Structures are given as structure tokens and as C-alpha cells.
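Only a predicted model underlies this, so the values are computations on that prediction, with no experimental measurement involved. Per chain, numbering begins at 1; letters A, B, ... match sequence-line order.
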Number of protein chains: 2
Amino acid sequence: MKLLITLTTLSFIFIGCENKKASISPEQTASSTEKSMLDGNIIDLTHTFSKESVYWVTAKEFKLDTVAFGETDKGYFYSANNFETAEHGGTHIDAPIHFAANAQSLDEIPLTRLIGQGIKIDVSEKAKNNRDYQVSVEDFTNWEKENGTIPEDAIVLLETGFSKFYPNKKEYLGTDERGNDAVQKLHFPGLLPEAATWLVENRKIKSIGLDTASIDYGQSTHFQSHVILLSENIPAFENVANLDKLPVKGFQIIALPMKIKGGSGGPLRIIAIVPDDLKL
Amino acid sequence: MKLLITLTTLSFIFIGCENKKASISPEQTASSTEKSMLDGNIIDLTHTFSKESVYWVTAKEFKLDTVAFGETDKGYFYSANNFETAEHGGTHIDAPIHFAANAQSLDEIPLTRLIGQGIKIDVSEKAKNNRDYQVSVEDFTNWEKENGTIPEDAIVLLETGFSKFYPNKKEYLGTDERGNDAVQKLHFPGLLPEAATWLVENRKIKSIGLDTASIDYGQSTHFQSHVILLSENIPAFENVANLDKLPVKGFQIIALPMKIKGGSGGPLRIIAIVPDDLKL
């Protein structure tokens, strides 16, 4: 009897405190926005991994090798693949140890860091005419004037608008060349180191993400925003998709990376749950 | 004002309909069980990927290559790795196309299939003395006698107890040999094809998972349970961890795989949210 009461309570939680049955059909087809039992929409913030995926110009790109595809001699169909990749490419997470010695590796990041209330700072208008735009302290304080103080334990997402260029490397990264000489040709927005410091010293956030290839802008040489954030065990999500489908606040983020022992980062599946009654 | 009301509603959803603030500190360390803002515990059902990870005896194993680890000449620390792997190894998902032509590939699986109410069928007592145990229709109907009909759109988890052997291949798979000749030496529990058929024809589930290397038992030669389930676009989670930490029902599952275009499967991060007041 106790269990039955508990289950009723749980249903309450997951359908928004209304006594109705969640009416989700698993037969619906995949899309970037799907209905969830959380009485909201699931938005997939993840780019698909393929040979088109965007990687750092010096990093090993994603490669899928077909092992089997077709009917077997026993009469059933079978397909399977192998793949190779750098940890940092496509939609992925930077674990703290990527730029901070003795900080957490990918498997050591607490799940509580990766699940929570999201907010979005939209700087896409500023980045439209400036590929080297860096999100500033003023962008955060302006957001706060409209929306109140960045909540404690928020997951902060920066929308530069560059996701619409993905996976066109020339438009997204600033160059479609590869190798060491291409690094200086990278031009895409990021987070100003001073703004990273402001976040770390004045607010308490769980994690941060953006829709470009790096939390430091393309022209960075010392990756200071990485160092500042990761040294505080604040992971960064990079090459995030579909931020234009999110409101500025009031949504939940669930970001689950591949659990690589000792990993400095890795492939990330990141989704948002946006309540039905929260419009853009 | 409308937004503020909406946010209050959302907080309600996520803290279990009690008007209190979630007190989650992101500073807590990683463990298999963590506190979540869902007023419950997050349980990580994922084995860590490493060279120890368990793969099918004929599949390419996980391999991590260090690209960088240490201080750079610019004065900051930097670490990065590449990795190679079969799609099917460690804690992973079988996409429908793994055993069903024209069925969904990994990137096509709707997220609604992967997030939802979980139930657990515990057959670990039966599998203890029978490595070749196959979960039967009777196991499901016995569960239903105790707990009611398997809910529509449930995510069904089968606990064989074999997770405790992971990653010891001899104990977990039945052999630590590799290659084609090792296939016939595989001995671990799975799901009886008749029980897969019963599920598909009599119940409506979203997805299924278990704590062994395959939804078909080790001695299977035609992988019929795979074919039956995947043909209905019901994905299977394999090598799932920590099922012993779950109650038999009343929890939520969030299973987010790497989003590989055309993938037949891939690395999976799978977690459960168990309400605080739901004891084992």
C-alpha cells in the first residue's frame, strides 16, 4: 500500500502535478523536438556524429568503419560498425582535466554537474557581424537585469548563433583547412576570460556550454577561459545544437557524456526539457 | 509575470511537489548514487569505458590513445586522447538496425523511447545456478502478480545479477578467450525468444535492458530475441550496471546514447532517478 501511494506521488512529479496519464507514444519519429513525460518538450541539443562532424583542425576526425551490413547465412539481417575519434569533436564535453592537472576526468564528473536548471545568454546579434565576438561580463549583467540573478547551480548556455553554420567548416570555424597552420585561421565566438573569472568568482554554476567549437574564441592562444572554468571543475559543452529552440530560462538540461575512464572529454548527448507552457 | 508563474510550476515538478529549494551541491564527488534535483537519487547504470571493458569476443575492443598529457610550452596544462571502439561493447545500446533491415539507426531512435518509467524484473536467484538462464514469460507474469500489469510505455530492465562479475570476462561471459572459436563458449543469461514475443504481442514497452553482454543468452545462435524486439523498433541496452540498486518499479530511466549517424548501436550513458521515499 505504501508503494502504491509512492507511485502516485511519482506520477505527480513527472506530469507536472496534474492527475492525468502521460500520453507519450514511443512510435513517434525522431526529431529535434519531442514530447516528454515531464509535461514538456524534449529538445535534442546534439549534432549527429558522422564524417561531416566538426573537429579541432589538428584533431583526429570521426571515422565509421562498416563491419557488417546485410543478411547473414543464417537468414537474419545484421549490421555493426567500429569507429575512431578524438575525444574533442562534434557535440562533446570538456572534462576538467582537459586543461587542469589533477582536476576531474570524464568518468569522475558528478552527474549532478550535468543535470539541472538551464539558462541561455543570447549574443547572436553581436556575433553576427563579429566572428571574433567574446561573451562579456556585460552580457551576463544585462541578462540579469531582465531575468534576475543567474540562479545558483545553473547550467549556463551561450548562444552565438553559429550552430546554423554547422557542419560547414569554413563558416563555422572560419577555415576548412586542417593542421597546425590552420589554427591561426580559426575565427568563431567564445567566452572572454574576464567573463569566465566573473562567473567563477561571483556566481555558482554547475557547467557551461555553447554553440561553437571552443569555450575560448577561435583566436585564443592560451585558452584562458578553459583554464579558469575547468580549474574549478566546471565542465564545458562545445558544439551544442539547437540553442535557438530554447527560452532564456525555465528549462532543464540533461547532459550525459560517454563514460571514459581517465577521459579528458568525450562525445556528449545533451537534451533540454522545456515545459509546454513556456514559450520562447 | 506569466514566466514567473511558469517557473514556480517547474520547480514544483522537479522537487516533488513540495515548496522547498533543491539543495544539490555540485561539489560532491562522483559515485554511482547521487542526489538529484528530482527529489530523488541519480543512480549511474553505466560501466566505465577502459581497456578492461567487456566486448563481444569477436569485436574490436576499446582503445584509448594519449595525444597529450602535461604542461605545454605556453605554461598551461593540457590533456587529450583519441579512442577506437566497436559500437557494441561496454554499456551500450543496440539500435533497431543492428538486427532489422530498414529499422531505425542510432540517430533515428526517438528520445521518447529512451526516457520514461522503469521497471525491474529480478531473476538473479534463478541465474545464480544456471549461467544459461533465459528470462521467461512466467518471470513477467509472476512480476505482474506482485506489481500489476507492466505499465504502457515502460522501460523494462532485467537483472540477472551478472553485473557483479563485470569486467572479469571468464565470469561475466563464460570465457576470456577471443575470436570466432570463443563464441560457442559464451555462457550468460538472456531473454527467451518466446518471452520477447510475449512482450511485443501483449505489452507495449519503450525499450529493454539487462546486465549481461546480450539480450539473447550466450548460447544463442540465431539471436531471435534481438530480431523480435529490434524489428519492433524496441532498442536494447546491454552491459547495464547497478541494477541491484533499483527498486522493482517507481523509478525513471534516462538513457542517452552517442548520436552516431547510421549507427547500429553505440556507447550509452544510462541513469535512473529513484525518489527518496522509494526504498528497495
**Student:** A/Lys63, A/His226, A/Gln224, A/His98: which one forms the most heavy-atom pairs within less than 4.5 Å of chain B?
**Tutor:** A/His98
**Student:** Examine distances only and state if a side-chain atom of A/Arg269 and a backbone atom of B/Pro257 form a donor-acceptor pair shorter than 3.5 Å.
**Tutor:** yes
**Student:** Side chains of B/Phe83 and A/Glu84: does their closest heavy-atom pair fall under 4.5 Å?
**Tutor:** no
**Student:** Check each of B/Asp44, B/Ile270, B/Leu256 against A/Leu256 using the side-chain contact (heavy atoms from CB on, under 4.5 Å) test, and report the only one that passes.
**Tutor:** B/Leu256
**Student:** B/Phe99 vs A/Phe77, test: side chain to side chain contact (heavy atoms under 4.5 Å, CB included). Steps then yes/no.
**Tutor:** CA-CA 5 Å; B/Phe99 275 90; A/Phe77 175 89; 5.8 Å; no
**Student:** With distance as the sole test, does B/Glu87 use its side chain to make a donor-acceptor pair with the main-chain N or O of A/Asn81 at under 3.5 Å?
**Tutor:** yes
**Student:** Please look at B/Ala100 and chain A and tell me whether the side chain, the backbone, both or neither of the residue comes under 4.5 angstrom of a heavy atom of that chain.
**Tutor:** backbone
**Student:** For chain A, which of B/Gly70, B/Ala80, B/Ser50 has the most heavy-atom pairs under 4.5 Å?
**Tutor:** B/Ala80
**Student:** With rounding to the nearest 0.5 angstrom, report the CZ to OG distance, B/Phe69 to A/Ser264.
**Tutor:** 9.5 Å
**Student:** To the closest 0.5 Å, what do you measure between CG (B/Asn41) and OG1 (A/Thr112)?
**Tutor:** 11.5 Å
**Student:** Please classify the contact between A/Leu64 and chain B as side chain, backbone, both or neither, with a heavy-atom cut-off of under 4.5 Å.
**Tutor:** side chain
**Student:** Tell me whether the count of non-hydrogen atoms from other residues, nucleotides or ligands lying under 6.0 Å of NZ in B/Lys51 goes above 12.
**Tutor:** no
**Student:** Rounded to the nearest 0.5 Å, what's the gap from CD1 on B/Ile42 to CG on A/Leu111? Could you check?
**Tutor:** 5.5 Å
**Student:** Non-hydrogen atoms of chain A under 4.5 Å away: do they reach the side chain of B/Ser105, the backbone, both or neither?
**Tutor:** neither
**Student:** If you measure from OH on B/Tyr76 to OG1 on A/Thr221, what distance do you get to the nearest 0.5 Å?
**Tutor:** 8.0 Å
**Student:** Does any N or O in the side chain of A/Lys259 come within less than 3.5 Å of the main-chain N or O of B/Thr46, such that one atom is a donor and the other an acceptor?
**Tutor:** yes
**Student:** Can you tell if the side chain of B/Ile271 reaches within under 4.5 Å of the side chain of A/Ile115, non-hydrogen atoms only?
**Tutor:** yes
**Student:** For each of A/His88, A/His222, A/Glu71, tally heavy-atom pairs with chain B at distances under 4.5 Å, and name the one with the top tally.
**Tutor:** A/His222
**Student:** Non-hydrogen atoms of chain A under 4.5 Å away: do they reach the side chain of B/Ile97, the backbone, both or neither?
**Tutor:** both
**Student:** Measuring only between side-chain heavy atoms, which start at C-beta, is A/Thr85 closer than 4.5 Å to B/Asn82?
**Tutor:** no
**Student:** Would you find a donor on one side and an acceptor on the other, under 3.5 Å apart, between the side chain of A/Thr48 and the backbone of B/Lys261?
**Tutor:** no
